[in-house]
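A, B, ... follow the sequence lines: proteins, then strands. Residue 1 opens every chain. Side chains are part of it too, since the values below use all heavy atoms of this structure and drop only hydrogens, waters and symmetry mates.
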Amino acid sequence: MRVWQGLVKLFEACNNGESVAQFHSLLLKTALIWDTFLSSKLQNLYSIYMPIQTARKLFDESPKRTAYAWNSMIKCYCKEKKYDDTLGLFSVMLSFEKPDNFTIPIVLKACSGLRALHFGRMVHGFVKKNDCINSSLFVGSGLIEFYSKCGYMEDALSVFEEYDQPDVVLWTTLITAYEQNDDPEEALYIFNRMVEDNGLVPDPITLVSLVSACAQLLDLNSGRSVHAFMIRREIQGGLSLWNALLNLYTKSSSVKAAAHLFRVMEEKDVISWGCMISCYAHNGSATRALELLSKMIVIGIQPNSVIVISALQACEATGNLEVGRKMHKLAVQKDFELDISVATALIDMYMSCNSPDEATDIFERMPEKDVVSWSAVLSGCVQNGMAHKSMEIFQGMIYSEIPPDSVMMVKILAACSEIGILQQACCIHGYLIRGGFDNNYFVGASLIESYAKCGSLEDAVKVFDGIQERDVVIWSSMIAGFGFHGHAKQALELFHQMIKNTKIVPNNVTFLSILSACSHGGLLEEGIKLYNKMVNDYKLTPESKHYSIMVDLVGRTGDLGQAMAIINQIPSPVSAHVWGALLGASRIHQNMEMGEVAMKNLSLLDPDHAGYYILLSNMYAVDGKWDVAAEVRNTVKEKQLKKLSGQSTIQYSVQR
DNA sequence: GTAGGGTTAG
């Protein structure tokens, strides 16, 4: 008896593999290996402290295998995510021992991991036959999670409904299941039922799923009330809950709220940093995102693949090829360069930074490609002036039997617009009718744009007329279409028709289209009127694109003083395009003084843009100042800047 | 001895 007690003390002291092995040999020596309590403890220690092979060896050699021993060994495999082995051992176990309520949840977890529908259903059958349901909530949550992971929410729900008195964990499992099956509304509804109809109090994990559902719905208000609830009740919640909140603020573009939360969080892990970096990267503060990343590395947190993706997006936005390449190197080091999402983000980054060759190299090395990666390469080709390649890419994807989605269709249409071959647009139109994409708003809008850009306003109008329910994007595209063709009056007519006859409210893009139509049609007064309407009546905040159109509009008419006045009103910072518009107007009206002012700013904001220097040098040349003109041209040479010569093609006629 | 949770490309 004293030996036994000593051994119990000893096993309590086991905290590494070596001591477990010693404990085991002692049990063998003293023949106490037969003691069920001690041998169970030994099994449990295996799964914690021993490498799985050692544990398996001891398990195989052990003279007596209790149900506990089987469970521990199975759990061991499951913990290491060796789900095949988990199920394999479970199958062997069935010949020796009857699984109990402790075995079932572990096995179900493995089925979930493998999405092994048949196996899981078989386990469910076993559970029903042995009536485990009512004796164990653990089995229930295992089943719910399993069906949810396989996407079978109806089965998950019916398991839940078998319980008369589900506890908070079971409710939470169901809420999480809906949240992860893209049904956040239902998740919120279930939560309400749990709290209001059943009077249960949510625990921090319930709140994690709740906040995640709010984030999916971009329901900032509900999310905030959870945050307030936590503060009121002084719920500590743990890191996951804070991270879920941080994600909510990130997703709903509440940069300030996110930054504040991030600042006050006492504990932060790599996910918290990742949320904050992605928040900056997606909300126009790419530089901040990169700064935060270097800060993170300095304090010794290693970036994971998710963070590398966010950083790449920040590089993309700022055109920072240098940091982009560094991220690439890091991804290679960490061995996730060719993970589908990392590789796709790399392709986007290289394409946006004008390095299509590096992007293509990655694409060709990818072992697995999906519609997103194909889309990235396709639109990258268009961005880099190789739209002619895009049809080949599209075909390549079809051959590899990956079905296109609506985003892909939008991109291929953009490629058509760029190439300007009407027949191609017609073919794609046919393809997307057959594929059932023609009732998608974005596809419809792109189709209108493509027809207009390929020269057939007629077809664009036909598509527009054929769309029964038009949203603001469809209207805007049609307005822009008239604008491309210089029909400013028709564009205006359509705009007024939209406001008068529909409940659709024009947005920033609509105004961009209509203002650009006015600018190209020389409708100065109308343009100014509409701009005022946009700001005063619709309370829209103009973006730099609106400003550059206004400068363009006013500048074209020759009133450069007025154009300058507009620039002076812009709340800083003024983008390069705005000064570019002023430079262009100065060139038209040969206003040297304004041209030099514009160039001074441009040489700071976009010093590597060859086109601006050439415009300026042409102005000097017209003025007869040949020496200054030559000097400017020399700058271009010294900087080794290249101006891609402008080219545009459009198919002249189509036989139909 | 067993269960539910946070970040990921267009």
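Between A:N101 and the phosphate of B:dT2, there is no side-chain N or O to OP1/OP2 separation shorter than 4.0 Å. Remark: A:K251 is in phosphate contact with B:dT8, judged by side-chain N or O atoms under 4.0 Å from OP1 or OP2.
Counting non-hydrogen atoms under 4.0 angstrom, A:S240 reaches a base of the nucleic acid. Note on A:T206: a base of the nucleic acid sits closer than 4.0 angstrom, heavy atoms only. When heavy atoms are screened at a 4.0 angstrom cut-off, A:D405 is found touching base atoms of the nucleic acid. Using a 4.0 Å heavy-atom cutoff across all strands shown, A:V168 reaches at least one base atom of the nucleic acid. Contact annotation for A:G237: base contact, defined as any heavy-atom pair under 4.0 Å involving a base atom. Backbone-only engagement by A:Q180 is indicated by non-hydrogen atom pairs under 4.0 Å involving sugar-phosphate atoms exclusively. Among the heavy atoms of the strands, none lies under 4.0 Å from A:L207.
At whole-Å resolution of the value, CD in A:Q216 and C1' in B:dT7 are 14 Å apart. If you measure from atom CD of A:E97 to atom P of B:dG1, you get 19 Å, rounded to the nearest angstrom. Rounded to a whole Å, the CG atom of A:D203 is 8 Å from the C1' atom of B:dG4. Summarising the geometry, the separation between CG on A:N304 and P on B:dA9 is reported as 13 Å, rounded to the nearest angstrom. In this structure, A:I347 atom CD1 and B:dA9 atom P are separated by 14 Å, rounded to whole Å. Atoms NZ (A:K109) and C1' (B:dA3) sit 7 Å apart, rounded to a whole Å. Rounded to an integer number of Å, the gap from A:K79 NZ to B:dT2 C1' is 11 Å. Straight-line distance from the CD1 atom of A:I362 to the C1' atom of B:dA9: 13 Å, rounded to whole Å.
Looking at the side chain of A:S341, the nearest of the listed nucleotides B:dT8, B:dT7, B:dA3 is B:dT8. Distance from the side chain of A:F138 is smallest to B:dT2 among B:dT2, B:dG10, B:dG5. Considering only side-chain atoms of A:S305, the nucleotide from B:dG4, B:dG10, B:dT8 that sits closest is B:dT8. Listed candidates were B:dG5, B:dG1, B:dT7. Nearest to the side chain of A:N71 is B:dG1. Side-chain proximity of A:Y68 to B:dG1, B:dT8, B:dG4: nearest is B:dG1. When the nucleotides B:dG5, B:dT2, B:dG10 are ranked by their closest atom to the side chain of A:S375, B:dG10 comes out on top. Residue A:F102 places its side chain closer to B:dG1 than to any other of B:dG10, B:dA3, B:dG1. Considering only side-chain atoms of A:T344, the nucleotide from B:dG4, B:dG10, B:dA9 that sits closest is B:dA9.
A donor-acceptor pair under 3.5 Å is absent between the side-chain atoms of A:S285 and the main chain of A:R288, judged by distance alone. Between the side chain of A:N198 and the backbone N or O of A:L200, no donor-acceptor pair lies under 3.5 Å.
Comment: A:R56 does not engage A:D85 in a salt bridge, judged by the lack of any side-chain N to carboxylate O separation of less than 4.0 angstrom. By the 4.0 Å N-to-carboxylate-O rule, A:E291 lies too far from A:K295 to be salt-bridged with it.
For the residue pair A:D155/A:S158, the side-chain donor-acceptor check at 3.5 Å is not satisfied. A donor atom on one side chain and an acceptor atom on the other are found under 3.5 Å apart for A:D370 and A:S373.
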